[in-house]
Amino acid sequence: MLDTATAAPTTQDTLLDVNNVEVIYNHVILVLKGVSLKVPKGGITALLGGNGAGKTTTLKAISGLLASERGEVTKGSIKYRDASIQHADPAAIVRKGVIQVMEGRHCFSHLTVEENLLTGFYTRKMNKAEMAADLEKVYTYFPRLRERRKSQAGYTSGGEQQMCAIGRAMMAKPETILLDEPSMGLAPQLVEEIFGIVKDLNEKEGVSFLLAEQNTNVALRFAHYGYILESGRVVMDGPAADLRENPDVKEFYLGMSDDGRKSFRDVRSYRRRKRWLS
Amino acid sequence: MLYRTAGQYKTSYASDQAVFPVRQDAILLGIILVLAWVVFPLTANEFTFQTLLIPVLIYSLAALGLNVLTGYAGQLSLGTAAFMGVGAYACYKMVTLMPWMNPVVAILLSGFFSAGIGVAFGIPSLRIKGFYLAIATLAAQFFLVWLFEKWGWLYNYNSSGAIQVPNLTMFGIYVAGPQAASIVQYYVVLAIVTLITWLTINLTRGTLGRTWKATRDMDFAAELIGINLMKSKLTAFAISSYIVGVSGALFVFMWRGAAEPNLFDIPLSFRILFIAIIGGLGSIMGNYLGAILIVGLPVMLNIVPEALGIHIDSSLVEHLNIMIVGSLIIFFLIIEPHGLARLWALIREKLVIWPFPH
Amino acid sequence: MKDQIEGYTTADGRKIGAVVMEMKNITLRFGGVVAIQDISFDIREGEIRAIIGPNGAGKSSMLNVISGFYTPSEGEVWYKGSKRPPMKPYEVARQGIARTFQNIALFEGMSVLDNVMTGRLTHMHAGILPQMIWKGKAEAEETANRVIAEKVIDFLEIQHIRKTPVARLPYGLKKRVELARALAAEPTILLLDEPMAGMNVEEKEDMCRFILDVNDEFGTTIALIEHDMGVVMDLSDRVVVMDYGKKIGDGTPDEVRNNQDVIDAYLGVQH
Amino acid sequence: MLHDIFIAPFQDMFAAPDFLLQVLWEGLVSGILYALIALGFVLIYRSSRIFNFAQGIMVVFAALTLVGLHAMGVPAWICVLLTLGVMFVLAVAIERVVLRPLVGQPDIILFMATIGITLFLIGLGEIIFGGENKVMITEELGIPTGSWTLEPFGGLLILEQKDVTAVVVAALLVVGLLVFLSRTQMGRAIRALGDDSQAALSVGISLHTIWVLVWFIAGIIALVTGIAWGARAGVSFALEVIAYKALPVLMLGGLESIAGAIIGGLMIGLLEKLFEIYWGQPLMGGNTETWFAFVLALLVLLFRPQGLFGEKIIERV
Amino acid sequence: DIYAPNLSYRTGPFAATGIPLMNGQKDYFTMINERDGGIGGVKIQFDECETGYSTEKGVECYEKTKGSAVVTQPWSTGITLQVLPKTNVDKIPILAPGYGFSPMADGKVFQWAFNTPGSYWDAASMILKFISEDNLDNLKGKKIAFLHLDHPFGKEPLPFLEAKAAQHGFELLPIPVGLKEMQNQSAQWLQIRRERPDYVIMWGWGAMNAGAITEAVKTKFRMENFIGTWWSGHDADLRIVGEDGKGYKSISFSRPMLDAAVQADIKKYVVDAGKSQSNPEEMSGVFYNRGLVISMILAEGIKSAQDHFKVGEINAEQLRWGLENLNVTEERLAELGMTGMVAPFKTSCADHTGHSGGWILEWDGKAFVEASDHLTPDSASIQPLEAEKAAEYAAANAPWPMNEECK
Ligand SMILES: Nc1ncnc2c1ncn2[C@@H]1O[C@H](COP(=O)(O)OP(=O)(O)OP(=O)(O)O)[C@@H](O)[C@H]1O
Ligand SMILES: Nc1ncnc2c1ncn2[C@@H]1O[C@H](COP(=O)(O)OP(=O)(O)OP(=O)(O)O)[C@@H](O)[C@H]1O
Ligand SMILES: [Mg+2]
Ligand SMILES: [Mg+2]
């Protein structure tokens with residue numbers, strides 16, 4: 001059915017270490033209630049969970065984007081290469097090598113695709129030759145972007161915008177990419193394509209990924225390790241292969257019953273509540 | 001546990017739709033009404049009437065009108081003052097052309113004139129949005145003020161170009177003009193403001209209110225669920241301008257006693273916008289809170305140093321005043337961008353669960 | 001092919017009625033871009049009709065044409081047996097067509113209940129004066145429509161968030177509230193643009209349940225865009241496939257699944 | 001009546017072409033000055049979607065600082081440098097105190113905040129500099145003050161040299177800005193920020209740096225504007241009202257377009273002057289300049305809701 | 001103490017012209033308090049309430065001060081118009097020297113209002129007299145542009161000028177300047193260039209003055225034929241154009257007399273004591289000195305009331321009487337050390353203005369110097385107009401109490 005990801009890489013240095021983080025929005029809305037996770041170097045780590053579980057919030061806490069949404073980390077620590085990045089501003093975090101690709105393909109809609117990509121170079125020292133070379137590399141990964149380089153990003157299709165956002169992040173030459181729901185709203189073959197590129201980047205360029213996804217199916221196929229988040233807590237974690245076999249994950253996240261995939265027409269008759277949630 | 005709402009069950013939708021479903025709010029409203037109708041008028045002196053009570057009410061009404069348009073229907077207007085001017089001039093023409101007319105009736109009628117003009121200037125809103133729409137209202141602002149200046153008929157060809165409120169009586173009591181007593185004017189204003197507020201509350205919580213809010217929050221979605229945007233926006237312009245026009249007539253007839261065209265210039269528009277925003281867009285109560293702050297603050301700032309016996313140069317006081325008002329505006333925007341009304345709502349939310357933290 | 005006039009019965013025994021809406025040779029252009037090119041298809045009463053296709057194929061644009069948000073450059077829309085004259089989106093809505101949006105378009109400044117009540121606006125006709133004094137027709141209408149709104153809220157199991165401002169809701173619930181708003185209008189045809197994007201399987205299951213129930217209990221006709229093939233294949237009675245503005249397939253899920261053009265353009269790997 | 005509206009004005013124009021030229025020149029000069037203020041607005045709007053009402057008072061503040069420093073005996077060019085320093089400090093302060101805590105708020109809130117800044121600066125400025133009208137140090141800055149008298153069509157055309165200077169400087173400023181925005185990394189970042197500040201943050205564009213930069217550039221523009229206007233009419237707080245004139249210019253040209261600000265400014269400057277002289281004064285009692293620009297902008301917007309050069313709002317459902 | 005507040009404006013767009021006036025007024029009373037211990041042994045509490053020339057703030061100040069104040073000095077035609085009807089009820093005199101509503105001269109109608117020692121119509125009349133060399137018929141066929149602020153203040157002299165134009169056959173061309181155009185009057189001056197008037201009479205205030213004068217220089221309008229009202233003769237405004245403004249004139253009911261005795265006293269008791277905010281440059285100017293004259297008028301009113309009622313701490317009604325019975329003679333001016341700073345005048349129940357007349361001052365490139373003999377307004381033609389407009393006002397504001405005691 002599918003090509004499963006290669007086994008987790010052997011080097012297990014932890015790049016990103018999120019420890020018991022609590023996040024509150026607007027001083028009142030408690031969203032993350034102590035989330036801990038680790039992203040190893042060279043790995044693809046998946047962050048799974050339902051709507052409103054706090055995946056985006058976790059990523060934003062790491063990349064420092066919370067502040068502009070009236071959210072703040074009130075407890076716990078976030079370390080990158082053993083240095084705290086908890087209070088650093090987003091630009092500094094990008095310079096350290098961590099970049100987030102936001103949910104919902106935030107492209108600069110009035111800039112052309114190429115200008116969008118070039119903004120990714122912002123944190124790096126200006127070097128025309130290097131910039132051109134990196135741009136070329138992005139275009140080789142995403143040939144479709146080359147075709148549309150001169151059009152305003154606002155008028156490109158959903159898939160192209162997603163590529164543009166990832167390509168833009170690549171221009172920063174990151175070590176770690178925080179990828180938020182890359183599959184949302186994309187047609188199945190585009191999802192495959194994007195995840196294929198993620199895998200390539202991971203394998204060929206050695207970029208580590210922390211991947212927030214709803215599409216558990218795809219995510220667990222490509223990831224090495226997974227965390228499952230529910231209501232702001234990590235309720236389960238383990239190697240992707242193990243998670244795929246877990247009966248609860250199978251039922252609630254993969255939509256499989258004991259006898260294979262069940263039809264969406266049948267869900268009406270019977271529903272079991274999740275065990276790990278009271 | 002002062003603000004406990006638990007235990008107050010609603011047994012019908014009608015009771016849930018009441019203006020104040022929570023008992024404590026109704027009590028609070030009662031207290032405010034008693035204060036406004038009984039306590040203040042009995043205790044206030046001339047100065048308080050003239051510099052606090054009457055202007056706060058009139059400004060609140062103007063802000064309420066603006067709030068209907070900007071806060072509920074989402075159409076930014078920077079031309080409030082000009083529409084107040086239309087109300088004031090219309091009222092002036094009516095009472096001078098028809099001296100037998102009841103002044104309160106004249107004031108209430110004058111709103112229709114500004115409603116008409118408001119709709120005319122609201123028509124561009126069907127095409128123009130956001131800050132660009134502000135241009136339509138600014139055009140109204142500058143054009144109307146110019147017209148007040150140039151159109152002699154409006155001010156009865158008065159040599160100074162200003163309008164002067166004549167002495168007007170109702171049931172043998174002076175209600176407007178130099179002979180009118182402040183307390184009488186206060187009650188007239190209070191009655192009109194209370195009435196219009198009540199009507200506006202009903203409007204904003206019903207069908208029309210929802211239509212406006214939908215238009216404000218996402219106009220294309222509103223249209224796609226069956227809202228006629230033209231009707232929605234133009235009713236908002238009409239009702240908002242009506243209220244603003246009435247407040248303009250009150251402004252001149254019940255408070256200022258005279259007016260020159262540039263009174264209705266853009267600083268007044270901004271002041272009212274401030275009140276609406278600091279108070280809270282999309283809230284009724286906010287207008288009152290905002291007006292108390294924006295009208296009351298400078299008065300207080302002027303009085304405080306004197307009361308403390310500090311002698312500061314009056315111009316320095318004024319400069320400091322401007323600075324403080326400017327800073328406070330920024331301060332309140334930072335504390336709660338959604339205004340004092342939201343601040344109050346948050347406090348209320350906390351009170352509901354008080355003394356427990358979550 | 002199935003009978004064009006009479007309707008038919010599906011495998012699981014549901015009655016599908018006559019054609020309620022028919023798109024005839026629709027073309028839609030934006031400047032130089034041709035978003036839809038000469039597409040025709042129909043929707044039958046009581047069916048679930050899916051539209052699929054790659055990103056940028058013109059699916060949302062098609063929905064926008066149906067709901068009157070875009071006016072087609074060429075072609076005709078037939079509704080309930082007569083040609084629809086050019087009309088404003090709100091007039092289309094008043095004819096009984098309700099929809100949800102790809103990027104949630106809720107009224108963020110209002111509570112859930114108010115959002116659902118806006119769905120009832122097409123059914124409320126009290127004048128401004130009665131509304132002002134909150135008496136007579138206005139009051140009665142308010143209560144009567146509230147009852148219907150509450151029914152929809154119960155149906156979609158969102159009672160607990162009735163008074164919450166929608167801005168604070170998580171994505172999945174927002175989608176559900178949007179559905180509630182559309183349902184409250186008691187539409188003849190319900191258009192759903194990617195109702196399950198960004199949901200995990202469990203949530204998709206919930207959503208499917210609601211869609212099926214709406215279709216079953218109210219007999220509402222549903223047109224739906226979705227990228228999850230599992231959902232599309234399981235739910236829909238017939239599927240239109242679009243690619244770069246052209247129609248490349250139309251038929252039952254099984255027919256579509258085995259159409260080579262569709263596999264090449266869209267499905268890619270075999271499902 | 002119709003004759004007065006449609007024929008007489010044109011007869012007047014032909015009868016005295018030198019006067020018409022003078023009218024056009026005056027219109028051009030005020031247009032350029034409006035455009036300069038609008039430029040400050042545009043820059044800030046582009047990078048932060050803030051409708052910066054304080055641009056007008058920044059003009060006054062810059063001019064007053066310049067003149068005030070000179071009155072203390074500082075040489076003119078040093079005054080310019082020091083004033084630039086003051087504008088920089090102001091930019092940093094505004095970013096720190098006002099913009100940072102308000103990031104991500106709705107447009108209208110930020111607009112209000114800039115009005116708050118305006119009030120604050122008026123108060124502060126009057127305390128520091130006093131309310132008197134001051135003379136701009138035009139000559140000290142090396143700006144020529146004479147005038148050229150030409151005699152086209154045997155008539156008279158007076159060109160003030162300082163106006164000519166203002167036109168030239170404004171043109172240079174605009175070209176510089178256009179190049180900066182379209183060609184440099186910073187310029188791209190500024191435009192990106194205006195489109196989507198969250199996304200800009202996520203690629204490591206620092207809001208704080210860009211904002212300070214942009215407000216500082218707006219400060220420089222304010223200083224140039226202040227010198228140009230001050231040379232014409234002296235420096236006082238009454239100058240603040242010219243900020244209103246920039247609003248229709250912006251709307252007409254499009255809120256985010258540099259070219260729009262310039263062309264809008266020129267259009268408004270020229271047309272309002274022509275209208276006032278040939279229609280307003282003879283037929284409407286004059287003073288039509290108070291509203292003409294707004295009504296003109298409104299009419300244009302009815303046909304192009306995003307202004308002549310504004311970015312089209314990309315709206316997709 | 002006698003509480004005599006001043007509704008000052010040291011802020012806002014008109015501050016430039018307001019400040020020296022306020023300083024002059026204030027320094028005078030400080031000097032009186034320091035030197036004489038007040039008037040009749042009672043100190044004068046001369047506080048300022050800041051209005052920024054805003055009518056709204058002005059009314060607020062009026063309300064705040066009226067309880068204990070003996071006088072209100074509104075300092076703007078707008079505020080004056082606003083409080084004028086209220087004074088009948090509140091019984092407090094308005095002192096508006098040289099501004100306000102010209103018909104206030106009619107004491108029978110406006111019992112509580114005083115625009116001593118000259119009204120705007122006086123000013124207009126004297127300007128016409130001057131340019132026509134005392135025979136208005138000389139103006140026949142001439143064209144006079146009337147450049148004015150589009151505001152009650154600027155429109156005030158229009159009825160008088162219009163009447164005169166009709167009577168003497170000259171053409172009057174009113175040119176309004178909007179509050180927002182004060183700094184940029186190129187359209188107005190283009191109109192002047194097109195119309196080629198023989199004279200430009202200006203009713204300007206605040207930033208409008210400087211704007212007009214710079215434009216006049218630019219359009220090369222003959223400065224000699226450019227005459228302003230007394231609020232348009234501010235040294236600082238002219239200093240902007242310096243030499244180029246040579247020949248510009250303005251009417252004035254006051255003159256700076258730098259060697260007058262009062263100046264020495266102010267220097268001694270106020271400036272040297274560190275109690276003044278004024279700077280030396282402004283103290284030699286027209287407006288500062290006019291401030292002194294204005295305060296002197298108030299002080300004389302207080303004194304005459306004290307003398308009449310034989311009380312020190314007079315109240316507002318008594319001050320009204322005092323202001324109505326001013327008699328500032330040459331001798332009295334000498335006693336006050338203000339000889340020549342204002343012409344002698346006298347008020348009465350029926351005449352609240354006194355019509356002191358004035359002088360034409362001319363800018364010589366550095367300062368204003370006297371350019372005419374003492375001029376007097378044409379009272380014979382002003383008075384009927386005053387009576388007519390005052391009656392109109394009273395009718396519009398009926399019931400309006402008249403002072404039946406005056407004849
Ligand atoms: N700016 C905000 N203010 C208040 N609450 C917020 C804010 N952003 C998110 N939330 C709340 O925090 C919770 C977690 O949201 P988050 O976006 O992190 O979820 P998620 O797991 O990414 O879900 P999704 O799959 O829908 O993207 C939700 O309940 C959401 O409503
Ligand atoms: N308002 C518009 N202006 C210009 N082009 C548009 C507009 N709306 C849609 N398009 C273009 O029409 C084409 C079809 O877009 P549409 O949104 O219908 O695709 P879709 O099939 O819904 O894709 P997705 O699955 O990504 O939502 C795209 O190329 C898009 O860029
Ligand atoms: Mg998310
Ligand atoms: Mg779509």
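Residue numbering restarts at 1 for every chain, and letters A, B, ... go by the order of the sequence lines.
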Would you say the side-chain atoms of [X] pair up with the backbone N or O of [Y], donor to acceptor, closer than 3.5 Å?
{"X": "B/Tyr132", "Y": "D/Gln306", "value": "yes"}
{"X": "B/Arg127", "Y": "D/Pro305", "value": "no"}
{"X": "B/Lys150", "Y": "D/Met284", "value": "no"}

With a 4.5 Å cut-off on side-chain heavy atoms, are [Y] and [X] touching?
{"X": "D/Ile108", "Y": "B/Thr70", "answer": "yes"}
{"X": "D/Thr290", "Y": "B/Val145", "answer": "no"}
{"X": "D/Asn287", "Y": "B/Glu149", "answer": "no"}
{"X": "B/Ile329", "Y": "D/Ile115", "answer": "no"}

[X] versus chain B, the contacting section by heavy-atom distance below 4.5 Å:
{"X": "D/Thr288", "answer": "both"}
{"X": "D/Leu110", "answer": "neither"}
{"X": "D/Ile117", "answer": "both"}
{"X": "D/Tyr45", "answer": "side chain"}
{"X": "D/Gln105", "answer": "side chain"}

Where on [X] is there a heavy atom nearer than 4.5 Å to chain D: the side chain, the backbone, both, or neither?
{"X": "B/Ile334", "answer": "both"}
{"X": "B/Phe332", "answer": "neither"}
{"X": "B/Ile266", "answer": "side chain"}
{"X": "B/Leu281", "answer": "side chain"}
{"X": "B/Ile330", "answer": "side chain"}
{"X": "B/Leu76", "answer": "side chain"}
{"X": "B/Leu147", "answer": "neither"}

Discussion item. Ring-plane angle category for D/Phe111 and B/Phe131, please: parallel below 30°, perpendicular beyond 60°, tilted otherwise.
Written reply: perpendicular

Fill in: Sub-6.0 Å ring centroid separation between B/Phe142 and D/Trp291
no

Practice prompt. Kindly say whether the aromatic ring centers of B/Phe143 and D/Phe292 come within a distance under 6.0 Å.
Written response: no

